[in-house]
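We name chains A, B, ... by the order of the sequence lines, and we start the count at 1 in each one.
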Number of protein chains: 2
Amino acid sequence: MSTAASARALEHPTRDQIGLEGVLHALSDTVRLRIVRDLAREGDALSCSYFDLPVTKSTTTHHFRVLRESGVIRQTYQGTAKLNALRKDDLDALFPGLLDTVLTAAEAQAERRDGAEGA
Amino acid sequence: MSTAASARALEHPTRDQIGLEGVLHALSDTVRLRIVRDLAREGDALSCSYFDLPVTKSTTTHHFRVLRESGVIRQTYQGTAKLNALRKDDLDALFPGLLDTVLTAAEAQAERRDGAEGA
DNA sequence: GCCGTACTACGATGAGTATCGTACGAGCAT
DNA sequence: ATGCTCGTACGATACTCATCGTAGTACGGC
C-alpha cells in the first residue's frame with residue numbers, strides 16, 4: 001500500500017489556481033477541443049475509452065492530463081475506468097460565458113468546415 | 001525596387017481562413033493577451049511602440065506576427081510606424097461573442113491577481 | 001490465482017515557439 | 001545626404017509539446 005494509494009488521487013488545480021492563458025491553451029488543440037465538445041454535448045462524465053480519437057492511447061492520456069492540469073476537466077476513478085467531467089461550474093464562475101462561447105464557436109466552425117451539409 | 005515592394009504589403013488570412021484553434025492559441029500567451037487587451041481598450045489602431053512589453057523588440061515583432069497570422073489583428077504601415085488593429089468585425093462574425101468574453105475574462109483575472117485593490 | 005481490459009509512466013523524437021542579439025531596411029527630419 | 005527612429009530579418013538557443021511505442025499497474029471477472 002505504499003506504491004500507489006488506494007484512492008489513486010489525481011492532482012487538480014483549485015478554482016483560483018486556474019488561469020485564463022492555461023485554459024485557452026488547453027482549448028487551442030484540435031484533439032482537446034473535440035474532447036471538450038463531446039463532454040459538453042453528453043453533459044455528463046465520460047470514460048476515456050468513450051472517445052474515438054485519431055491518436056494512440058498514450059497521446060490520449062497526455063491530452064486528458066493537459067485538460068485536467070489546466071482546470072478544464074475533473075477526473076475521477078471509477079474502478080478500472082476513469083471518468084472525465086467538465087468543470088463547468090468553476091469555469092463559469094471564473095470566466096463567465098467563456099466555455100459556452102468557445103463551444104458555440106467550435107460548433108459554428110465545424111458546420112462551416114463540413115460545408116453545411118447534413119441537418 | 002525588387003528587395004521590398006513600395007507598399008510593404010503584409011500577409012493576412014482571409015476571414016474564412018481564420019481558425020478557432022489558431023485564435024485561441026494566439027490568445028493563450030500572456031504577452032499577446034496583453035496586447036489584445038490594450039488594443040481593445042483603446043479601441044483604435046496602435047503602433048507597435050505604443051506597447052511597453054517586458055520583452056525585446058525582436059520578440060515583440062514575433063508576437064505581433066503570431067497575432068496577425070492567426071487573424072486576430074490587422075497590420076498596416078503608416079510611414080515608419082506600423083498600426084495594429086483588432087479584427088473585431090471578422091472575429092465577431094466567425095465566433096460571436098468570443099473576443100468580448102475572453103477580454104472580460106482577462107479583466108476579471110487581472111483584478112483577481114491585483115488583489116482587488118485600487119478603484 | 002490468472003487473464004484481460006483500462007489507463008499510466010517513461011523514454012524518445014521531431015516539430016514548434018518564445019526568447020534574445022545583431023545587423024539591416026524604410027521612412028522622416030534636419 | 002546624414003542621421004534618427006521604427007520595425008524586420010536572420011541566426012541561435014533553450015524550452016515546450018504532440019506524438020509514438022513499450023512496459024507496467026490497477027481493477028474486475030473467470
Nucleic acid contacts - residues 66-75 of chain B versus DNA chain C, non-hydrogen atoms under 4.0 Å = none

Under 4.0 Å: is that the gap between some side-chain N or O of Ser47(B) and OP1 or OP2 of dC6(D)?
-> no

dG7(D) phosphate, OP1 or OP2, under 4.0 Å from Arg65(B) side-chain N/O | no

Only counting residues at least two apart or in another chain, list the ones meeting side chain to side chain donor-acceptor pair (under 3.5 Å) with Ser49(B).
->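 Here the qualifying residues are Ser47(B).
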
Once you round it to whole Å, what is the distance between [atom2] of [N] and [atom1] of [X]?
{"X": "Tyr77(B)", "N": "dG25(C)", "atom1": "OH", "atom2": "P", "answer": "14 Å"}
{"X": "Leu10(B)", "N": "dG7(D)", "atom1": "CG", "atom2": "P", "answer": "12 Å"}
{"X": "Ile35(B)", "N": "dG7(D)", "atom1": "CD1", "atom2": "C1'", "answer": "14 Å"}
{"X": "Leu46(B)", "N": "dG7(D)", "atom1": "CG", "atom2": "P", "answer": "11 Å"}
{"X": "Leu83(A)", "N": "dC27(D)", "atom1": "CG", "atom2": "C1'", "answer": "14 Å"}
{"X": "His25(A)", "N": "dC15(D)", "atom1": "NE2", "atom2": "P", "answer": "17 Å"}
{"X": "Leu53(B)", "N": "dA18(C)", "atom1": "CG", "atom2": "P", "answer": "14 Å"}

Tell me whether [X] contacts the main-chain N or O of [Y] through its side chain, where contact means a donor paired with an acceptor under 3.5 Å.
{"X": "Arg32(A)", "Y": "Ala26(A)", "result": "yes"}
{"X": "Asn84(B)", "Y": "Ala45(B)", "result": "no"}
{"X": "Ser70(B)", "Y": "Val66(B)", "result": "yes"}

Side-chain donor-acceptor contact under 3.5 Å, Thr56(B) with Thr59(B) |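 The criterion, which ignores hydrogens and geometry beyond distance, is satisfied for Thr59(B) and Thr56(B).
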
Would Leu83(A) and Leu91(A) show up in the same hydrophobic cluster when neighbours are defined by side-chain heavy atoms closer than 4.5 Å?
-> no

Of all pairs that satisfy salt bridge (Lys or Arg N to Asp or Glu O under 4.0 Å), the ones with a partner from residues 97-107 of chain A, not counting sequence neighbours =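 Listed once each, the pairs are Arg37(A)-Glu107(A), Lys88(A)-Asp100(A).
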
Any pair counted as salt bridge (Lys or Arg N to Asp or Glu O under 4.0 Å), so long as it reaches residues 50-79 of chain A, sequence neighbours left out =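 Those involving residues 50-79 of chain A are Arg74(A)-Asp90(A).
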
Closest contact, heavy atoms only, Ile35(B) versus His63(B) |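 So the minimum-distance heavy-atom pair works out to CD1-CB, 4.4 Å.
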
Measure across Gly19(B) and Phe95(B) and return the closest heavy-atom pair with its distance rounded to 0.1 Å.
-> C-CZ, 4.1 Å

Leu98(A) vs Leu20(A) side-chain heavy atoms within contact, under 4.5 Å = yes

Table of protein N/O atoms under 3.5 Å from nucleotides 19-22 of chain D N/O atoms:
unit_1	atom_1	unit_2	atom_2	d
dT19(D)	OP2	His63(A)	NE2	2.2
dC20(D)	OP2	Thr56(A)	N	2.8
dC20(D)	OP2	Thr56(A)	OG1	3.2
dC20(D)	OP2	Thr59(A)	OG1	2.7
dG21(D)	N7	Ser58(A)	OG	3.1
dG21(D)	O6	Ser58(A)	OG	3.1
dT22(D)	O4	Ser58(A)	OG	3.4

Taking only the side-chain heavy atoms of Ala81(A) (C-beta and beyond), determine which of dA18(D), dA18(C), dA6(C) contains the nearest atom.
-> dA6(C)

Choose from dA18(D), dC7(C), dG7(D) the nucleotide whose nearest atom is closest to any side-chain atom of Cys48(A).
-> dC7(C)

Using nucleotides 28-30 of chain C, report all nitrogen or oxygen pairs with the protein that are shorter than 3.5 Å.
none

